[in-house]
Number of protein chains: 4
Amino acid sequence: MRVGIGVRGAKTGEQTKHQQRTEATRSALLDAAKRIFARDGFEAARIEDIAGATGHTRGAFYAHFNSKVDLFFALFEQETGERLRGLRSIMEQYPSSDGRLRALRKFYVGRASDRQWAMLALEFKLFAWRHPKLRARLARTHRRIREALKLETISQLIPELMKVGRQSREVRRVALEAVLNGLVLEHAYDPEAISQTQAIAVLGRMFDVLMAAKQHAANGSF
Amino acid sequence: MRVGIGVRGAKTGEQTKHQQRTEATRSALLDAAKRIFARDGFEAARIEDIAGATGHTRGAFYAHFNSKVDLFFALFEQETGERLRGLRSIMEQYPSSDGRLRALRKFYVGRASDRQWAMLALEFKLFAWRHPKLRARLARTHRRIREALKLETISQLIPELMKVGRQSREVRRVALEAVLNGLVLEHAYDPEAISQTQAIAVLGRMFDVLMAAKQHAANGSF
Amino acid sequence: MRVGIGVRGAKTGEQTKHQQRTEATRSALLDAAKRIFARDGFEAARIEDIAGATGHTRGAFYAHFNSKVDLFFALFEQETGERLRGLRSIMEQYPSSDGRLRALRKFYVGRASDRQWAMLALEFKLFAWRHPKLRARLARTHRRIREALKLETISQLIPELMKVGRQSREVRRVALEAVLNGLVLEHAYDPEAISQTQAIAVLGRMFDVLMAAKQHAANGSF
Amino acid sequence: MRVGIGVRGAKTGEQTKHQQRTEATRSALLDAAKRIFARDGFEAARIEDIAGATGHTRGAFYAHFNSKVDLFFALFEQETGERLRGLRSIMEQYPSSDGRLRALRKFYVGRASDRQWAMLALEFKLFAWRHPKLRARLARTHRRIREALKLETISQLIPELMKVGRQSREVRRVALEAVLNGLVLEHAYDPEAISQTQAIAVLGRMFDVLMAAKQHAANGSF
DNA sequence: CATGAATGAGATTTCATTCAT
DNA sequence: CATGAATGAAATCTCATTCAT
């Protein structure tokens, strides 16, 4: 579907503008969806609100997406990809594996400030759990992104993490994900019970516990 | 069971058949609600399904609860209370503070197997976050239950936990809650990424890290 | 069904009290119905409100009446009868036909202060119009009451009114009814547009116009 | 009908097909509502019947009105406006104040044949009385229409009516309204008690009594 | 006679989706 | 591509009525 540069050149002016506008609308819809799905949850989010937030009506939405679920998947793909790309690019900036570990920690801890994403992540997971038929599709999307980004190489960039088995690495990743989402939710639920600063501190601690090299040998449970 | 002598004890503990039926139905509705709210989430849960699961019609539901939200609150109250009472009664069974700490750990880790409750807890928190106006009501209910159970005494039963400030205790409790809920969700979302055994292992580790006495002095961040 | 005095005498004490209580409940229900039907209208009036206003529950209502419609009819019968009896007894107090006419005027004008009855009358008429099948029943009830009270004699008590045909008398009666109900509604709707005093003044004027003897000969249209 | 030259006049009087359809549907809904509210009353009228009468579904109804109450208000506005405009245009056709008074009488008496409107008027007033919170809104709408039409000028067009105070004029108007609605209801309730011809005769008489110039001086009561 | 739990029909309203324009 | 009118399914909630107690 993508029109190559050469071809596009034929009617450059209009075509491009048209395409740009189209792309801009789609992009705006995704942005609005991000905000509104995070705010209201998948079920309570209304197509009209999402379209309205971009200054369009429902029709515009259906010109770009087939259904609410379709949008949800597209959002999942975009956001997941974005975060993984961000992580990857950060990793690549550091030559030493030590620096990479520190950068990873910073990246991880920093995500505690992105409540929107944490809420979205919760929604994605709840949705997948509650819609077994669509779950495979989400999983496929996830895998595709990871493969496209050759994310395996990320952990390979930190040799210390390689000392343990593949499964254990995955478990630790998932555990961190769990802690992150859980903490953000608790903070959102009751900011007085745990402040953002406190959540961040706990998060860092968890990271250290789960990722510090020395721990791996000592504890064989995961 | 009969308390009075022939007189149907209006003010005794006895119940008429009406009252018995009332209580039975209400209880059945709450049970069904627990299952269905956990399974479908607050928004997607249908009153009809909840009523139907008890063998009644929607009308019966409205004889016991004013609205879906009302039921949700009643469920919150019942379940939260139940868990806190369980915790309290466990604590009271152990004479030594050491035994109590071990029991607390076991209780905590064991909750990883109760997916239903974890999902409910997520729903309660998401709901509270998304309905600011009702949030205060949930919080009030929560506080009332804790006070009724004199839950403060629980941490007092474990002197080691008292060495640190009140706030820090609360933060650690919330953090554990977060980890628990997060892990259960991750496991539900993708059981292959983290098995129940693995989740339990991580959970125990987190408990040790957050609750072990020695840690408190060393780390002043929370 | 009515138990004669002799029979009732057998178990006088209890029986009578029981009957009294029964009758009192029924009476209370009718009283509450009067208020609530007038206030909310037939459709919006709730059985529960009516029963509740007497301190009872729905069950008590259904022990005395078969249905909402049934109650409505009973109320119609009671209220209509009451008013006609009142009118009759007033008429009978005056020896001269002139005095009777003045009393009739006073009675008529005074009804402007009884908003409740006017609203009920509106409801009865609207109901009858909207439920053709039940209309006959209402009409029968009405006729029965009038006949039981030999109301025809009332107009016979004012010879001046007899100078014109039967139909014309009826038309004037209905017209006065219409003016009365219409004015009460207008006053209820917007008390600033027409005060009670003003409504009463208009009402008296209408009475004079429609009932004054001299008019009858002059105007043959009704 | 085309105003612009080829250009679809967004700011001209022209309408797109969309707008035409919108207006047509809305109009049809109001027409159906008029019939059904008059027939069944506000409470008993079902949205489904109203929508169905236009060949649409309930959904279409909600694309045009927010609620049943909203529709009721729109209908009130339309119908009240229509009648006042009709009155105004009739008044303007007559040069002499005498002719205008006769036309006013004819207009008023003629309304006795419009049972639908009389029933609607009753419903509006009952509704307003029974919903104090919405009453202000109805009153505001009414006032707005009257002001937009400069209805004050109508009575100014008949100098005889000006001889008496403003309040008195209003009272007489309201009284006529009351008589009209009351008579139509009585006729609907029991056509045999008062025929349409008879109702019209009474109506004319009332008009003469309340509006005839000579009366004003003689009777100071209203 | 009276209670009140339960029914069940129906009412209003919401919203994802379709389709003519 | 975008509008917005309309659909239609479903959801929550109400209430007259029934019936076991």
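Within every chain, numbering begins at 1; the chains are lettered A, B, ... in the order of the sequence lines, protein sequences first and strands thereafter. Please read these numbers as outputs of a predicted model, since none were measured by experiment.
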Report the C-alpha separation of C/I36 and C/R46 in whole Å, then their side-chain angles, then the decisive distance to 0.1 Å, and conclude whether the side chain to side chain contact (heavy atoms under 4.5 Å, CB included) test is met. CA-CA 8 Å; C/I36 291 180; C/R46 293 162 61 228; over 6 Å; no
Round to the nearest Å and state the distance from [X] atom [atom1] to [N] atom [atom2].
{"X": "D/I47", "N": "F/dA6", "atom1": "CD1", "atom2": "C1'", "value": "16 Å"}
{"X": "D/L71", "N": "E/dT12", "atom1": "CG", "atom2": "C1'", "value": "13 Å"}
{"X": "D/K68", "N": "F/dT14", "atom1": "NZ", "atom2": "P", "value": "15 Å"}
{"X": "D/L29", "N": "F/dT7", "atom1": "CG", "atom2": "P", "value": "10 Å"}
{"X": "C/F65", "N": "E/dA2", "atom1": "CZ", "atom2": "P", "value": "11 Å"}
{"X": "C/F61", "N": "E/dG4", "atom1": "CZ", "atom2": "C1'", "value": "16 Å"}
{"X": "D/E43", "N": "F/dT14", "atom1": "CD", "atom2": "P", "value": "14 Å"}
{"X": "C/F42", "N": "F/dC15", "atom1": "CZ", "atom2": "C1'", "value": "13 Å"}

Answer with base, sugar-phosphate or nothing: what part of the nucleic acid does B/A24 contact at a heavy-atom distance below 4.0 Å? nothing
Looking at every strand, decide which applies to C/A44 at a 4.0 Å heavy-atom threshold: base, sugar-phosphate, or nothing.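 Contact class for C/A44: none.
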With a 4.0 Å cut-off, would you call D/D70 and D/R137 a salt bridge?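 Salt bridge: yes.
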The single option from C/F72, C/F73, C/W129 passing ring-ring contact (aromatic ring centres under 6.0 Å, His included) against C/F124: C/F72
Could you check which of [options] has an atom nearest any side-chain atom of [X]?
{"X": "C/R58", "options": "E/dA16, E/dA5, F/dT3", "value": "E/dA5"}
{"X": "B/T22", "options": "F/dC1, E/dT13, E/dA5", "value": "E/dA5"}
{"X": "A/A63", "options": "F/dC1, F/dT7, E/dC1", "value": "F/dC1"}
{"X": "A/R46", "options": "F/dC13, F/dA6, E/dC15", "value": "E/dC15"}
{"X": "C/H64", "options": "F/dT7, E/dA16, E/dC1", "value": "E/dC1"}
{"X": "A/Y62", "options": "F/dC15, E/dT17, E/dA2", "value": "E/dT17"}
{"X": "A/H56", "options": "F/dA2, E/dA16, F/dT12", "value": "F/dA2"}

Rounded to the nearest 0.5 Å, what separation is found between the CG atom of C/L126 and the CD atom of D/E123?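 C/L126 CG to D/E123 CD: 6.5 Å, rounded to 0.5 Å.
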With nearest nucleotides of DNA chain E determined for C/T25 and B/R26 from heavy-atom distances, which residue corresponds to the more 5′ nucleotide? C/T25
Would you mind telling me which residue lines up with the more 5' stretch of DNA chain E, B/G55 or D/E48, judged by nearest nucleotide? B/G55
Return the pairing partner of E/dT21 with a 3.5 Å limit on both distances, Watson-Crick or G-U wobble; otherwise return none.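 Here E/dT21 is engaged in a pair, and the nucleotide opposite it is F/dA2.
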Considering every strand shown, what is the Watson-Crick or G-U wobble mate of E/dG8 when both distances are under 3.5 Å?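 F/dC15 - that is the nucleotide pairing with E/dG8, both distances being under 3.5 Å.
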Could you label the plane-to-plane angle of the A/F42 and A/F37 rings as parallel, tilted or perpendicular, counting under 30° as parallel and over 60° as perpendicular? parallel
Any side-chain heavy-atom pair from B/K68 and B/I50 closer than 4.5 angstrom? no
For B/N66 and for A/G59, find the nucleotide of DNA chain F with the closest heavy atom, then tell me which residue's nucleotide is more 5'. A/G59
Result for 5'-nearest mapping on DNA chain F, choosing between A/A60 and C/V69, is A/A60
